[in-house]
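Read the numbers this way: they start at 1 and go in the same order the structure lists the ligands and their atoms. The structure displayed is predicted, hence computed values, not measured ones.
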Amino acid sequence: MKTGQKEQNLQTNCISVSQFYRISTGKMGEVKVIGSSASLFYTRVEWALKLKGVTYEYIQEDLLNKSELLLRSNPVHKKIPVLLHDDKPVAESLVILEYIDETWKGYSLLPQDPYERATARFWAKFVDEKCVIGSWQAMAAEGEAKEKARESVQEQYAFIEKQIRGKKFFGGEQIGYLDLVMGWKTLWLNAMEEVGNMKLLDPEKFPSLHQWTENFKQIPIIQESMPPQESLVNYFQGGLNYVRSLAANKP
Ligand SMILES: N[C@@H](CCC(=O)N[C@@H](CS)C(=O)NCC(=O)O)C(=O)O
């Protein structure tokens with residue numbers, strides 16, 4: 001059967017050749033991600049796409065001189081990462097992870113059970129709002145405020161320690177959504193500790209999280225997409241200098 005005929009037959013059954021091709025091959029349009037390789041929010045998206053086997057184009061963003069494409073694609077927050085699926089933008093890394101999970105079948109990121117899904121979403125939000133921001137604040141704080149910030153974020157990590165106790169991964173026997181969200185702990189947190197001249201997670205106080213880190217780092221896809229620690233140290237140091245210079249120049 002010639003291609004034109006095939007297309008006509010398929011169209012009569014309400015499906016175009018391009019749709020048929022996408023469904024049968026699992027290829028679902030053109031995927032691009034605006035990001036920065038040092039960003040922990042971008043890297044979790046990269047891990048998710050690789051786990052799903054989705055081919056995508058990486059568009060490196062200059063955060064000090066934001067591109068038209070970023071400003072147009074994420075006009076509300078003007079932040080990376082942004083996933084462009086057939087030019088349609090999806091912003092916010094947690095939203096992007098869910099979008100990836102729903103769009104490309106195969107490897108499942110979120111649990112199937114609704115209660116477990118809700119729980120994973122709860123902890124993902126907690127990680128970003130309490131642990132990532134809290135660690136940044138501890139890194140940036142100075143003097144007495146630093147000790148307070150350090151203790152405060154350690155209290156938050158104690159909740160995560162309980163969540164992972166007795167499990168290989170947050171996702172169970174294989175890595176899932178919450179593992180990707182916590183994945184920054186494996187390297188980014190070390191860089192924050194170095195820049196902030198502090199220790200946040202002592203393996204003896206957080207043994208289960210420490211074991212999880214070791215397990216997570218063994219996954220080949222994760223290993224492949226780890227930026228060098230030195231680049232992360234420069235990234236956080238640069239970010240910190242920038243924030244401090246803004247604060248110093250405030251009238
Ligand atoms: N909640 C956002 C956070 C993203 C974020 O903070 N991205 C940083 C880079 S790591 C950014 O684009 N910063 C630029 C800015 O704040 O102007 C997400 O999960 O995607």
* Among the heavy atoms of Lys66, does any lie under 4.0 Å from an atom of ligand 1? -> yes
* Asked: Polar-atom distance check: Arg44 versus ligand 1, any N or O pair below 3.5 Å?
  -> no
* **Same apolar cluster: Leu201 and Phe159, side chain cutoff 4.5 Å** => yes
* If you measure from the Lys or Arg side-chain nitrogens to the Asp or Glu carboxylate oxygens, is any gap between Glu129 and Lys125 under 4.0 Å? -> yes
* Asked: Relative to the heavy atoms of Pro81, which atoms of ligand 1 are at a distance of less than 4.0 Å?
  -> 20 (O)
* Can you list the atoms of ligand 1 that are under 4.0 Å from a heavy atom of Leu63? -> 9 (C), 12 (O), 14 (C)
* Asked: Considering only heavy atoms of Ser39, which atoms of ligand 1 have at least one such atom less than 4.0 Å away?
  -> 10 (S)
* Which part of Trp188 is near ligand 1, with near meaning a heavy atom under 4.0 Å away: side chain, backbone, both or neither? -> neither
* To do: Could you give me the CA-CA distance, side-chain angles and deciding distance for Asn241 and Gln237, then say whether side-chain hydrogen bond (donor to acceptor under 3.5 Å, both in side chains) is met?
  => CA-CA 6 Å; Asn241 295 346; Gln237 189 65 64; 3.2 Å; yes
* To do: Determine whether Leu63 and Tyr242 fall in the same hydrophobic cluster, where Ile, Leu, Val, Met, Phe, Trp and Tyr are linked whenever their side-chain heavy atoms lie under 4.5 Å apart.
  => no
* Asked: Below 4.0 angstrom, N of the basic side chain to O of the carboxylate: do Lys217 and Glu214 qualify?
  -> yes
* To do: For the pair Trp47 and Phe216, name the ring-plane relationship: parallel under 30°, tilted 30 to 60°, perpendicular over 60°.
  => perpendicular
* Heavy-atom contacts with Tyr235 under 4.0 Å: which atoms of ligand 1 show up? List them by number with element. => 9 (C), 10 (S)
* Structure fact -> When distances are taken from atom 8 (C) of ligand 1, the protein heavy atom at minimum range is Ile80 O, 4.0 Å
